[in-house]
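Quick notes on the structure that follows.
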Protein chains: 2
Amino acid sequence: MLDDRKASILRAVVEEYIETAQPVGSARIAQVKEVNVSSATVRNELSVLEREGYLVQPHTSAGRIPTDKGYRFFVDHLTPNGGLQANQRQRIRDFFDTTHGALEQMLHDTSRLLSGLTDYAAVVVGPPHEAATVRSVQLVVLAPRVALAVAILSNGVVEKRSVDLGSEPAGDDRVAAASAHVAAQLVGRSLADPGRLTPTGDPVTDDIAAKVVAGLTSGHDDEENVFVGGASRMAASFDAVETVRGVLTILEQQYVVVTLLKDVLDRGLSVAIGAEVGLESLAECSVVVAPYEVEGEAVGTVGIVGPTRMKYPQALAAVALVSQRLGRHLSES
Amino acid sequence: MLDDRKASILRAVVEEYIETAQPVGSARIAQVKEVNVSSATVRNELSVLEREGYLVQPHTSAGRIPTDKGYRFFVDHLTPNGGLQANQRQRIRDFFDTTHGALEQMLHDTSRLLSGLTDYAAVVVGPPHEAATVRSVQLVVLAPRVALAVAILSNGVVEKRSVDLGSEPAGDDRVAAASAHVAAQLVGRSLADPGRLTPTGDPVTDDIAAKVVAGLTSGHDDEENVFVGGASRMAASFDAVETVRGVLTILEQQYVVVTLLKDVLDRGLSVAIGAEVGLESLAECSVVVAPYEVEGEAVGTVGIVGPTRMKYPQALAAVALVSQRLGRHLSES
DNA sequence: GTTAGCACTCGGTACACTCGAGTGCTAAGC
DNA sequence: GCTTAGCACTCGAGTGTACCGAGTGCTAAC
């Protein structure tokens, strides 16, 4: 643990570096009023902080830069709360007051909002579709042997799967029967817990019905349930084009992104810094996440991805507030 | 118009520059066997080509690089056909042979395919939802005053809009009546041509029905009907991070992308080069597009966005083949 | 019309040098 | 004993110079 002086010096270094992206020297720190000592004393402390792994020097005769460990301490112990400006808060409030329409669109817009607030890339993972109850199921024939199963859920999500009707064209009546049968079975339940189909007596109908239920309940959820906004902002955060490429490649793989956020949350973190993120390509990035709750239960995640040199106070506040408001908004509807 | 020798010299410059990204000098060109003259002669021709605007010198004592006009000539007159490797063709064939499932997913995957084939960003614009006929319409109440209108179209697309039911909660029967009424009206027709609603006699029902139809037919289509794949590859095409940022910002704005592709097609082009693209941020990019046809009618577009220094033969071939196969694939289902 | 030859241009690289930011250490001071 | 002024030292960044070589444009010969 660091004593007060070391802590405030570390804090000064981190804040200054986040601001300027330049290595910070002892003289600049000595000017910070919370640090009431001379630059020589600061230098002594800096070398201790470096020895203990909180800072590094890019080269002799340069200032210091925080390490992941330095950022970690800053985030855990030195981050002031409530770093969000009034107009930012207003923007969030306005957004959730005026937003409407389909869930997907709303989540997508939320990711853009968060990205706009922070100037980093933002990620929103939607509530699992299984959480909602089924309001309606329908089977529509598209081609002689292909039908589309469409389930409308209570949260406005529409799940659809194409279903192969089998080798020989089933009659329309069979399809209709299967549709009605599945509807009777699933409506009011969750897709996660479809229950067991009761046979109708007609094997063809039962076969189709089983396929429909299997299709609808097999969630390739994660793939489609994540919204990344403002990925282009990553290009402003780094000046090595190679780094940008790596980060963008990750952000394009929705499955990876979802897993990443889940991982961070599972580790009980709200911030993962640099190497903590666990992906080579994101070694220079930090990830800030927060779950959001609907009726007291965490159902999804919002987060941002930015450089380790991130404005943590604002980022944390923005993510926290957006996740909270998003949860509340979803609870209302 | 350029004589044969100038043309083959221009061609050599363009091909070499595309390959190496380095200004091309007269000596290198003189080595190309199609150009059977000495470097001195080449130099004379180069200075003519420069005077006529096909080439520029970054500075005296450097080689030449093509201008937009130079690329344009190359594309129009010098591009060999069929520049696609066998395994690339195979990849496309395999993709369309094995792909299945929902249209959106398939278009999304197509954009990734095309991006993977070319190493540039790829764009796929889906068929307008209005083109298909309605197979089913349903109105599902989600909240006291909000319902979701869901239309299932013959091509497997599901259109949904949330509909405000009005200030006072309408009875379930009214909603059901409206739902049935709209269904009777729309099924079998296109959303582009919904026809006129016949009044039922009940003003509340009619009011809801009108809202549903209005919602479903007002296409904010373009926004949701475009799929961009492999945007991260743009980072590999430029070394100025600022350029990358600009390009990515454009690619994130789906509306802009759709408009862009439409523009290019409307101008009767299959390639727009540099300034021809018409967007400041894409001044260093070229766009290759091709419409795809379903039953003889152009219904959508595929395209790629890459640097002006693009491998045009392969890019053109890939876009052409993918668009053709995509059209065929959609016609079959 | 083509080409060999050559003077010339100019960016890139290497090198030396300076400047200054920043350090670490030491010795004096509170 | 902790703090701090002072100072020697380090080293990157910036600058000026020289040089090299790629590449040109021009001229004169073929």
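Chain naming here is simple, since letters A, B, ... match the order of the sequence lines and numbering starts at 1 in each.
- The minimum heavy-atom distance between A:Ala318 and A:Thr118, with the atom names listed, is CB-CG2, 3.8 Å.
- Side-chain contact between A:Leu78 and A:Tyr312: absent, with no pair of heavy atoms (C-beta onward) separated by less than 4.5 Å.
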Pair up each side-chain donor or acceptor in residues 55-62 of chain A with any protein partner under 3.5 Å, not counting sequence neighbours, and list the distances.
from: A:Gln57; atom 1: NE2; to: A:Ala62; atom 2: O; distance (Å): 3.0

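- For the pair A:Val319 and A:Val289, the minimum side-chain heavy-atom distance is 4.5 Å or more.
- Using a 4.0 Å heavy-atom distance criterion, A:Arg5 is classed as a sugar-phosphate-only contact.
- Against DNA chain C, the stretch residues 38-71 of chain B makes heavy-atom approaches under 4.0 Å through B:Ser38, B:Ala40, B:Thr41, B:Arg43, B:Asn44, B:His59, B:Thr60, B:Ser61.
- In the helix from C:dG1-D:dC30 to C:dC30-D:dG1, the rotation axis of the first five pairs and that of the last five pairs differ in direction by 20°, rounded to 10 degrees.
- Contact annotation: the side chain of A:Leu10 never approaches that of A:Phe74 to less than 4.5 Å [non-hydrogen atoms, C-beta and beyond].
- A pairwise comparison of heavy atoms in A:Leu316 and A:Ser270 identifies CD2-OG, 4.2 Å as the closest pair.
- Scanning all heavy atoms of the two residues, the minimum distance from A:Ser115 to A:Arg233 falls at OG-NE, 2.7 Å.
- Under the side-chain contact (heavy atoms from CB on, under 4.5 Å) test applied with B:Leu114, the options B:Val288, B:Ile92, B:Val322 reduce to a single match, B:Val322.
- Scanning residues 9-25 of chain A for heavy-atom distances under 4.0 Å to DNA chain D yields an empty list.
- Looking at B:Glu52 and B:Leu2, their side chains come closer than 4.5 Å, going by heavy atoms from C-beta outward.
- Ring-plane geometry between A:His108 and A:Phe227 is classed as perpendicular, the angle between the planes exceeding 60 degrees on a 0 to 90 degree scale with a lower cut at 30.
- Contacts between chain B and DNA chain D, taken as any atom within less than 4.0 angstrom of a protein heavy atom, begin and end at D:dA22 to D:dG25.
- Within the structure, ring pair (Phe, Tyr, Trp, His ring centres under 6.0 Å) contacts touching residues 17-56 of chain B (residues at least two apart or in different chains) are B:Tyr54-B:Phe73.
- For the atom pair CG (A:Asn44) and CG (A:Leu49), the distance works out to 11.0 Å, reported to the nearest 0.5 Å.
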